[in-house]
Amino acid sequence: MSYAVKEIFYTLQGEGAHAGRPAVFCRFSGCNLWSGRESDRATAACRFCDTDFVGVDGVGGGKFASVEELAAAIDRAWPANPVHPDSESGSRSRKFVVCTGGEPLLQIDAALIDALHSLHFEIAVETNGTVKAPSGIDWICVSPKAGTELIQQSGDELKLVFPQADFDPAELLGLSFRNFFLQPMDGPNQILNTQLAVRYCMEDPAWRLSLQTHKFLGIP
């Protein structure tokens, strides 16, 4: 199988439970809820995406003809000589890759998971939940979108972009996730959305607040 990747880069995870953790981001091209073209946004199932996932022209991106080629590209993005190298039993400096998009589960398969594990990566995925995740992923973060069918109903982290019209967060608390986050929707109403998310989390402590810290830190 070949893989279409928009970009591969090393940064800090900006959101959710792993915020602040160094990670290689592998952003896959394509999504099943929006084409990525502005002309299609108004009619898309997801209309508030803030990410460019179209094409393969980003830093480190490209069309990878084999799983070995893609895994090697991800591995090259990790620091070559970390101060505290991994031990055989794993450590706090274990290599960490976040597979995102677009919708990464349109392309991630067992072969890629095995290849990344063989390079001692812990694998996280950020998905809209409309595609079932293959086994072997170490951390599953689902960000459901109103009006779509939620197929992946379990994982490590549910991160709801908030608010979404006609989408009650309370409806999601019965799902099998270890962490529940509200993340204020970006855009022209970002300040108001943040206030609403803070208020909701304070009224229902089952939810925690997730902020896009990378944006105000000025990192990718």
Asks: On a heavy-atom basis, which atom in Asn193 and which in Met185 lie closest, and how many Å separate them?
Replies: ND2-O, 3.0 Å
Asks: Is Val56 reachable from Ile108 through a run of I, L, V, M, F, W or Y residues, each pair having side-chain heavy atoms under 4.5 Å apart?
Replies: no
Asks: Taking atom NE2 of His18 and atom CG of Asn179, what is their separation to the nearest 0.5 Å?
Replies: 8.5 Å
Asks: Run the numbers on Phe25 and Val97 for side chain to side chain contact (heavy atoms under 4.5 Å, CB included), then give the verdict.
Replies: CA-CA 6 Å; Phe25 270 67; Val97 58; over 6 Å; no
Asks: Closest approach of Val54 and Gly36, non-hydrogen atoms and distance?
Replies: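 Heavy-atom minimum between the residues: CG2-CA, 3.6 Å.
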Asks: Without hydrogens or angle criteria, can the side chains of Thr213 and Lys215 be said to hold a donor-acceptor pair below 3.5 Å?
Replies: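 Not at all, the side chains of Thr213 and Lys215 share no donor-acceptor pair under 3.5 Å.
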Asks: Taking the basic N atoms (NZ, or NE/NH1/NH2) and the acidic carboxylate oxygens, is any pair closer than 4.0 Å for Glu122 and Arg21?
Replies: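 Salt bridge between Glu122 and Arg21, a charged N being under 4.0 Å from a carboxylate O: yes.
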Asks: Checking Asn128 against Ser143: is there a side-chain donor and acceptor pair closer than 3.5 Å?
Replies: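 Side chains of Ser143 and Asn128: no pair found under 3.5 Å.
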Asks: Under 3.5 Å, which donor-acceptor pairs link side chains of residues 131-142 to any protein atom two or more places apart or in another chain?
Replies:
from: Asp138; atom 1: OD2; to: His117; atom 2: NE2; distance (Å): 2.9
from: Asp138; atom 1: OD2; to: Ile123; atom 2: N; distance (Å): 2.7
from: Trp139; atom 1: NE1; to: Glu157; atom 2: OE1; distance (Å): 2.8

Asks: With a 4.5 Å limit on heavy-atom distance, are the side chains of Phe180 and Leu173 in contact?
Replies: yes
Asks: Find out if a path of hydrophobic residues (ILVMFWY) with successive side-chain heavy-atom gaps under 4.5 Å connects Val59 to Phe64.
Replies: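 Val59 does not cluster with Phe64.
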Asks: Got Leu209 and Gln183 here, is their nearest side-chain heavy-atom distance under 4.5 Å?
Replies: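 Sidechains of Gln183 and Leu209: no contact.
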Asks: So if you build clusters from Ile, Leu, Val, Met, Phe, Trp, Tyr with side-chain heavy-atom gaps below 4.5 Å, do Leu158 and Leu196 land together?
Replies: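 Yes, it is one cluster - the side chains of Leu158 and Leu196 are joined through contacts under 4.5 Å.
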Asks: Can we call the ring centroids of Trp207 and Phe181 under 6.0 Å apart?
Replies: no
Asks: Dump the intermediate steps for side chain to side chain contact (heavy atoms under 4.5 Å, CB included) on Trp34 and Arg47, then the final yes or no.
Replies: CA-CA 7 Å; Trp34 179 41; Arg47 303 177 187 178; over 6 Å; no
Asks: I'd like to know if the side chain of Gln107 and the backbone of Ala4 have a donor-acceptor N/O pair within less than 3.5 Å.
Replies: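 Side chain of Gln107 to backbone of Ala4, a donor-acceptor pair under 3.5 Å: yes, one is there.
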Asks: Out of curiosity, Lys63 NZ to Ser29 OG, how far, rounded to the nearest 0.5 Å?
Replies: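 Going from NZ on Lys63 over to OG on Ser29, the span is 9.0 Å.
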Asks: If the test is side-chain hydrogen bond (donor to acceptor under 3.5 Å, both in side chains), which one of Thr127, Asn32, Thr130 qualifies with Glu103?
Replies: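 By the side-chain hydrogen bond (donor to acceptor under 3.5 Å, both in side chains) criterion, Glu103 pairs with just one of Thr127, Asn32, Thr130: Thr127.
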Asks: Can you find a heavy atom in the side chain of His214 that is under 4.5 Å from one in the side chain of Gln13?
Replies: no
Asks: As an exercise, state the distance from NZ of Lys159 to CG of Leu182, rounded to the nearest 0.5 Å.
Replies: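 Result: 12.0 Å between the selected atoms.
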Asks: In Å, rounded to the nearest 0.5 Å, how long is the span from CD of Gln152 to CG of Leu150?
Replies: 8.0 Å
Asks: Within a strict 4.5 Å, meaning less than it, do heavy atoms of the Val98 and Glu126 side chains meet?
Replies: yes
Asks: Please answer: with hydrophobic residues joined when any side-chain heavy atoms are less than 4.5 Å apart, are Leu211 and Met202 in the same cluster?
Replies: yes
Asks: Would you say that Leu112 contacts Tyr3 through its side chain, given a criterion of any heavy-atom pair below 4.5 Å between the two side chains?
Replies: yes
Asks: Give me the atom names and distance for the closest heavy-atom approach of Gly20 to Leu12.
Replies: O-CD2, 3.6 Å
Asks: Run the side chain to side chain contact (heavy atoms under 4.5 Å, CB included) check on Val125 and Thr100 step by step: do they pass?
Replies: CA-CA 6 Å; Val125 66; Thr100 185; over 6 Å; no
Asks: Do you see a donor-acceptor pair shorter than 3.5 Å between the side chains of Gln190 and Gln195?
Replies: no
Asks: Give the minimum heavy-atom separation between Gly60 and Ile8, together with the two atoms involved.
Replies: O-CD1, 3.6 Å
Asks: Is a side-chain N or O of Ser176 found less than 3.5 angstrom from the main chain of Ser154, in a donor-acceptor match?
Replies: no
Asks: Start with the C-alpha distance between Asp52 and Arg27, add both sets of side-chain angles, then the distance that settles salt bridge (Lys or Arg N to Asp or Glu O under 4.0 Å), and finish with yes or no.
Replies: CA-CA 9 Å; Asp52 178 7; Arg27 188 178 308 284; over 6 Å; no
Asks: Is there a side-chain contact between Phe177 and Leu172 (heavy atoms, below 4.5 Å)?
Replies: no
Asks: Regarding Asp75 and Lys95, does a basic nitrogen lie under 4.0 Å from an acidic carboxylate oxygen?
Replies: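 Looking at Asp75 and Lys95, the cut-off is met.
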Asks: Please report the interatomic distance OG1(Thr194) to CG(Leu192), rounded to the nearest 0.5 Å.
Replies: 8.5 Å
Asks: Distance from Phe9 atom CZ to Ile219 atom CD1, nearest 0.5 Å?
Replies: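 Between atom CZ of Phe9 and atom CD1 of Ile219 there are 9.0 Å.
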Asks: Locate the shortest heavy-atom distance separating Ala197 from Pro184; write the atom from each residue and the value.
Replies: CB-CG, 3.9 Å
Asks: Could you tell me whether the side chain of Tyr200 reaches within less than 4.5 Å of the side chain of Asp204, counting heavy atoms only?
Replies: yes
Asks: Less than 4.5 Å apart, any side-chain heavy atom of Cys26 and any of Leu70?
Replies: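 Yes, side chains in contact.
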Asks: Determine the minimum heavy-atom distance between Tyr10 and Pro22, stating which atoms define it.
Replies: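 Between these two residues, the closest heavy atoms are OH-CB, 3.4 Å.
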Asks: Same cluster or not: Trp78 versus Ile113, using hydrophobic residues (I, L, V, M, F, W, Y) connected whenever any side-chain heavy atoms lie under 4.5 Å apart?
Replies: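 Trp78 clusters together with Ile113.
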Asks: Would you be so kind as to tabulate the donor-acceptor pairs closer than 3.5 Å made by side chains of residues 161-169, with sequence neighbours excluded?
Replies:
from: Gln164; atom 1: OE1; to: Ala146; atom 2: N; distance (Å): 2.9
from: Gln164; atom 1: NE2; to: Pro144; atom 2: O; distance (Å): 3.3
from: Gln164; atom 1: NE2; to: Val161; atom 2: O; distance (Å): 2.9
from: Asp168; atom 1: OD1; to: Ala170; atom 2: N; distance (Å): 3.0

